[in-house]
Amino acid sequence: MPELPEVETVRRGLIPALEGRVLARVETRRADLRVPFSPRFEQRLTGRRVTDLRRRAKYILLDTDGPDTLVIHLGMSGRITLCAGGLSESPGRFHHPVLRNSDGHDPHDHVVMETDHGTRIVYNDHRRFGLMVLVPTNELDSHPLFKNMGPEPLEDAFTGAVLSAVLKGKRTPIKSALLDQRVVAGLGNIYVCEALYRARISPQRLASTVAGVRAERLVPEIKSVLREAIEAGGSSLRDYAHTDGELGYFQHHFAVYDRLGAPCLTPKCRGKIRRLVQAGRSTWSCPVCQR
DNA sequence: AGGGGGACCTGTGCGC
DNA sequence: TGCGCACAGGTCCCCC
């Protein structure tokens, strides 16, 4: 999936098209994504004005002038594209060929919305690990999706001391701990690998031993890698693209992710990037300068 | 109680 | 060319 920087880029791309606009038409083309759409999904959204577009971790929150907030997650392969009225739904300028059904639709275009200004918003997700649900706005914090979620990494409240306190006593590798959304919300495989590299911390190190000085070193690196990635419009690997179809370019700045065998970029370090598997997911790191 | 492993999906790229 | 396998920005449930 898009991790925090990619989701943030999508959110920013949606603002000009959606903020203050009325959802004139909402169409779901199947019963579910990873989970079913909320009951009466289309009716509850149609005619509502979008009052705000927020992000929490990897979720986009679309507040309306009704009781509900539309909660969107892009899973691993979700994409949202905008197009002015009259154009085909998936504009076809992506790096993937666009599939078509006999009715002319991309079979992975699962949700199509249209605003009162005629902009079409298309949600495409070929793996369907994403979700779209309606949650009463005043119940968001207590909703199961959010109630146990850790701090936003880019907020000032996320400090070395805060991370340190959560890691203390955790008997799991730091790599797994950082992927745990209860520890810090919004990091995924790429930015965990990159942040650990920048902080020169081994992904295999026990989380409890990162508490203290290493946590103080790690937090600024988490923030800097996320900020730089947002600045670059996120990272485009297989599926991710901006709302206008353009690609992010932070993937060109990876120091370790998917760089198996490449020389470590740390000056004077002779290490070669290795790949290991932790909790079923690939981890890339430099065995020499990450300890 | 908390963490690891599989399940959920489809697509792509590789080796044989 | 084709087939099978491994792997992919995530999360959740089950089981130990």
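Convention: sequence-line order gives letters A, B, ...; per-chain numbering from 1. Side chains included, hydrogens not; waters and symmetry mates left out as well; all remaining heavy atoms used.
Along DNA chain C, the nucleotide nearest A/Arg34 and the nucleotide nearest A/Gly280 are compared for position; the residue whose nucleotide lies closer to the 5' end is A/Gly280. Toward the 5' end of DNA chain C, the nearer of the two residues A/Arg275 and A/Gln181, judged by each one's closest nucleotide, is A/Arg275.
Nucleotides C/dC5 and B/dA7 have their P atoms positioned 15 Å apart, rounded to a whole Å. Only the P atoms considered, C/dC14 is 15 Å distant from B/dC9, to the nearest whole Å. Separation of the C1' atoms belonging to C/dA6 and B/dG6 is 16 Å when rounded to the nearest angstrom.
The listed nucleotides are C/dG10, B/dT10, C/dA8; the one nearest the side chain of A/Trp284 is C/dA8. In this structure, of C/dC12, C/dA8, B/dG3, it is C/dC12 that holds the atom nearest to the side chain of A/Tyr59. Of the candidate nucleotides C/dC7, C/dG10, B/dT10, B/dT10 has the atom lying nearest to any side-chain atom of A/His108. For A/Arg127, counting side-chain heavy atoms from C-beta on, the closest listed nucleotide (C/dC12, C/dT11, B/dC9) is B/dC9. Among B/dC9, B/dG11, C/dG10, the nucleotide with an atom closest to any side-chain atom of A/Arg128 is B/dC9. Among the nucleotides C/dG10, C/dA8, C/dC12, the one closest to any side-chain atom of A/Leu145 is C/dC12. Side-chain atoms of A/Ser282 lie closest to C/dC7 of the nucleotides B/dG11, C/dC7, C/dT11.
Across all strands shown, B/dG15 pairs with C/dC3; the Watson-Crick or G-U wobble distances both stay below 3.5 Å.
We find that CD1 of A/Ile72 is positioned 17 Å from C1' of C/dT11, with the value rounded to whole Å. The interatomic distance linking A/Leu131 (CG) with B/dC8 (C1') rounds to 13 Å, in whole Å. Counting to the nearest Å, the C1' atom of C/dA8 and the CD atom of A/Gln251 are 15 Å from each other. Taking atom CG on A/Leu206 and atom P on B/dG4, their separation rounds to 10 Å, with Å as the unit. Between the CG atom of A/Leu74 and the P atom of C/dT11 there is a distance of 11 Å, given to the nearest Å. C/dG10 atom P lies 17 Å from atom CZ of A/Arg79, rounded to whole Å. Atom CG in A/Leu179 sits roughly 7 Å away from atom P in C/dG10 (whole-Å rounding). Between A/Arg281 atom CZ and B/dG3 atom C1' the separation is 15 Å, expressed in whole Å.
Contact between the side-chain N/O atoms of A/Lys58 and the OP1/OP2 oxygens of C/dG10 is found at a separation under 4.0 Å. When the side-chain nitrogen and oxygen atoms of A/His73 are compared with OP1 and OP2 of C/dT11, one or more of them lie within a distance under 4.0 Å.
In this structure, A/Pro144 reaches neither bases nor backbone, as no heavy-atom distance under 4.0 Å exists between it and the strands shown. Backbone-only engagement by A/Thr172 is indicated by non-hydrogen atom pairs under 4.0 Å involving sugar-phosphate atoms exclusively. Contact annotation for A/Leu33: no contact, since no heavy-atom pair falls under 4.0 Å across all strands.
In this model, no donor atom of one side chain and acceptor atom of the other lie less than 3.5 Å apart for A/Tyr257 and A/Ser282. Side-chain contact check for A/Ser164 and A/Glu216: no donor-acceptor pair (N or O, by modelled atom type) lies under 3.5 Å. A/Arg198 and A/Ser224 share a side-chain donor-acceptor pair at under 3.5 Å.
Salt bridge A/Arg56/A/Glu152: present, at least one basic N to carboxylate O contact under 4.0 Å. Remark: A/Glu8 engages A/Arg12 in a salt bridge, criterion side-chain N to carboxylate O under 4.0 Å.
In terms of heavy-atom proximity, A/Pro173 sits nearest to A/Pro203 at CB-O, 3.5 Å.
At distances below 3.5 Å, not a single donor-acceptor pair connects side-chain atoms of A/Arg275 with backbone N or O atoms of A/Trp284.
Stacking is found between A/Phe129 and the pyrimidine-like six-membered ring of the B/dC8 base under the 5.5 Å centre-distance and 30° plane-angle cut-offs.
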